[in-house]
Amino acid sequence: MTAGHGVRRRATIDLAVVRSTAAALSASLPDSTADLRADAYGHGLIPVARALSAAGVGGFVVSRIEDAAALADDGIGSRVTVGGPGPGSGALLGPELFGLDPAAATPPAMRLTGEIIAVKRVEADRGVSYGYTYRTTNPTTLVLVALGYADGILRVASNKAPVQVGATRGRVTGRIAMDQFVVDIGEGDASPGDPVVLFGDPARDEPTVLDWADAIGVAAPVITSRLGRRIERVHSA
């Protein structure tokens with residue numbers, strides 16, 4: 001097994017997507033309020049709130065008093081309510097702002113990637129990860145990705161959720177461990193340090209968070225809201 005040289009766990013949030021989606025939705029739903037509970041569904045409360053303010057959204061719903069105070073300290077928003085929309089707050093915009101609502105058909109704002117930390121060629125009938133819930137059917141290449149349930153990757157995604165490794169579309173292979181999971185990439189190419197896309201932009205032929213939701217039977221807002229603090233949030237303008 002070839003060891004990797006470092007670990008990157010990254011969620012890149014495209015604030016331009018958030019702004020354009022908010023502007024489009026607000027055009028038909030004036031005086032709208034944005035639901036930013038659970039750290040804006042895992043996308044980052046303050047950067048997202050700033051982007052939404054720039055798009056003309058003035059009201060926000062947050063989970064905690066501390067979140068409301070953080071917005072007020074940043075000078076964001078004309079009204080902030082805790083726990084639910086206040087009276088006269090207009091339409092409530094939530095998961096659709098981030099591409100998390102399949103009915104809304106809005107673009108995803110988050111791209112989640114992990115880093116390959118090891119690559120191994122194995123023979124057929126090799127058990128993978130805890131409990132050997134997956135066994136290889138042919139000689140194949142396995143990659144080890146530095147993301148796990150300690151990062152909020154739901155274990156129900158084991159053997160189900162799609163991932164992109166270079167040009168190869170695979171899936172989470174075997175059980176997800178605390179800090180890592182495996183992908184069987186067959187005859188695909190990969191090296192330690194390469195990124196693996198869990199979900200991202202369908203225009204780039206990447207799986208989406210809605211693909212994950214369909215595969216594992218868990219709503220997309222739950223998937224992104226559970227992502228942990230070890231995952232670096234990078235906000236692009």
Could you check T113 against L198 for side-chain contact (heavy atoms from CB on, under 4.5 Å), going step by step and ending with a plain yes or no? CA-CA 6 Å; T113 61; L198 283 74; 5.7 Å; no
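- Side chains of D151 and L227 form no contact here, defined as non-hydrogen atoms less than 4.5 Å apart.
- Linking ILVMFWY side-chain heavy atoms closer than 4.5 Å, directly or via other members, places L93 and V17 in two distinct hydrophobic clusters.
- We find the CD-CD1 distance between Q180 and I116 to be 13.0 Å, quoted to the nearest 0.5 Å.
- Between S225 and D39 there is no side-chain heavy-atom pair separated by less than 4.5 Å.
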Please determine whether side-chain contact (heavy atoms from CB on, under 4.5 Å) holds for the pair V145 and I117, giving the CA-CA distance in whole Å, both sets of side-chain angles, and the decisive distance to 0.1 Å. CA-CA 6 Å; V145 184; I117 56 174; over 6 Å; no
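- Residues V57 and V80 are members of one and the same hydrophobic cluster, defined by side-chain heavy-atom contacts under 4.5 angstrom among Ile, Leu, Val, Met, Phe, Trp and Tyr.
- With a 4.5 Å cut-off on side-chain heavy atoms, L92 and S32 do not count as touching.
- Under the 4.5 Å side-chain contact rule for hydrophobic residues, L112 and V234 do not share a cluster.
- When side chains are defined from C-beta on, V61 counts as touching T33, because their heavy atoms get closer than 4.5 Å.
- Put simply, the side chain of D211 gets close to the backbone of T208: a donor and an acceptor are under 3.5 Å apart.
- Listed by first and then second residue, the ring pair (Phe, Tyr, Trp, His ring centres under 6.0 Å) pairs that reach into residues 120-144 come to none, sequence neighbours excluded.
- Counting non-hydrogen atoms of other residues, nucleotides and ligands closer than 6.0 Å to CD1 of I65 gives a total of 12 or fewer.
- To the nearest 0.5 Å, atom CD of residue E232 and atom CZ of residue R9 are 11.5 Å apart.
- No donor-acceptor distance shorter than 3.5 angstrom exists from the side chain of T168 to the backbone of G170, with no hydrogens or angles considered.
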Could you walk me through whether I216 and L154 satisfy the side-chain contact (heavy atoms from CB on, under 4.5 Å) test, starting with their C-alpha distance in whole Å, then the side-chain angles of each, then the deciding distance to 0.1 Å, before giving a yes or no? CA-CA 9 Å; I216 70 177; L154 299 174; 4.2 Å; yes
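- Screening residues 180-232 for ring pair (Phe, Tyr, Trp, His ring centres under 6.0 Å), with sequence neighbours left out, gives F199-W212.
- Residue pairs meeting the salt bridge (Lys or Arg N to Asp or Glu O under 4.0 Å) criterion with at least one member in residues 195-205, sequence neighbours excluded, are R204-E206.
- Taking OG1 of T136 as the start and CG of N138 as the end, the distance is 7.5 Å to the nearest 0.5 Å.
- Heavy-atom contacts from other residues, nucleotides or ligands closer than 6.0 Å to CD of E123 number 12 or fewer.
- Listed here is the closest heavy atom pair of A157 and V172: O-CB, 3.6 Å.
- Within the 3.5 Å criterion, the main-chain N or O of I176 finds a donor-acceptor partner in the side chain of R155.
- Pairs of residues two or more places apart, or lying in two chains, that qualify as salt bridge (Lys or Arg N to Asp or Glu O under 4.0 Å) and include a residue from residues 44-60 are R50-D74.
- The shortest side-chain heavy-atom distance between T224 and L100 falls under the 4.5 Å cut-off.
- In terms of modelled atom types and a separation under 3.5 Å, the side chain of R8 and the main chain of G193 share a donor-acceptor contact.
- To the nearest 0.5 Å, atom OG1 of residue T21 and atom CG of residue L15 are 11.5 Å apart.
- Taken together through direct or relayed side-chain contacts under 4.5 Å among Ile, Leu, Val, Met, Phe, Trp and Tyr, V209 and V197 form parts of separate hydrophobic clusters.
- Inter-residue side-chain proximity for L52 and V18 is flagged as met; some heavy-atom pair is nearer than 4.5 Å.
- No side-chain donor-acceptor contact under 3.5 Å links S129 to the backbone of G174.
- The salt bridge (Lys or Arg N to Asp or Glu O under 4.0 Å) contacts involving residues 176-188 comprise R121-E187, D179-R230, where partners must be two or more places apart or lie in separate chains.
- Under the 3.5 Å distance criterion, the side-chain polar atoms of S63 are left unmatched by any main-chain donor or acceptor of R37.
- Of all heavy-atom pairs spanning I185 and A190, the tightest one is CD1-CB, 3.8 Å.
- By the 6.0 Å contact criterion, CZ on R169 is enclosed, its count of non-hydrogen atoms from other residues, nucleotides or ligands being greater than 12.
- In this structure, I153 CD1 and I223 CD1 are separated by 9.5 Å, a value rounded to the nearest 0.5 Å.
- Residue pairs satisfying the ring pair (Phe, Tyr, Trp, His ring centres under 6.0 Å) criterion with at least one member in residues 137-159, sequence neighbours excluded, are absent.
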side-chain contact (heavy atoms from CB on, under 4.5 Å), that's the test. Do T81 and R79 meet it? Break it down for me. CA-CA 7 Å; T81 61; R79 60 190 183 275; 5.7 Å; no
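- The two residues R19 and A54 come nearest to each other via the heavy atoms CD-CB, 4.0 Å.
- Closest heavy-atom contact between A215 and A161: CB-CA, 4.2 Å.
- Side-chain contact between P207 and Q164 is present, with at least one heavy-atom pair separated by less than 4.5 Å.
- Of all the heavy atoms in G44 and H235, the pair that sits closest is CA-NE2, 4.0 Å.
- Side-chain contact between L147 and I231 is present, with at least one heavy-atom pair separated by less than 4.5 Å.
- Within the 3.5 Å criterion, the main-chain N or O of D125 finds a donor-acceptor partner in the side chain of R135.
- For the pair P202 and P108, the tightest heavy-atom approach, listed with the atom from each and the gap, is CD-CG, 3.9 Å.
- Note: S26 OG to L97 CG = 7.5 Å, rounded to the nearest 0.5 Å.
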For side chain to side chain donor-acceptor pair (under 3.5 Å), just list the numbers for T133 and N159, CA-CA rounded to whole Å, side-chain angles, deciding distance to a tenth of an Å, and then say yes or no. CA-CA 8 Å; T133 61; N159 290 309; 2.9 Å; yes
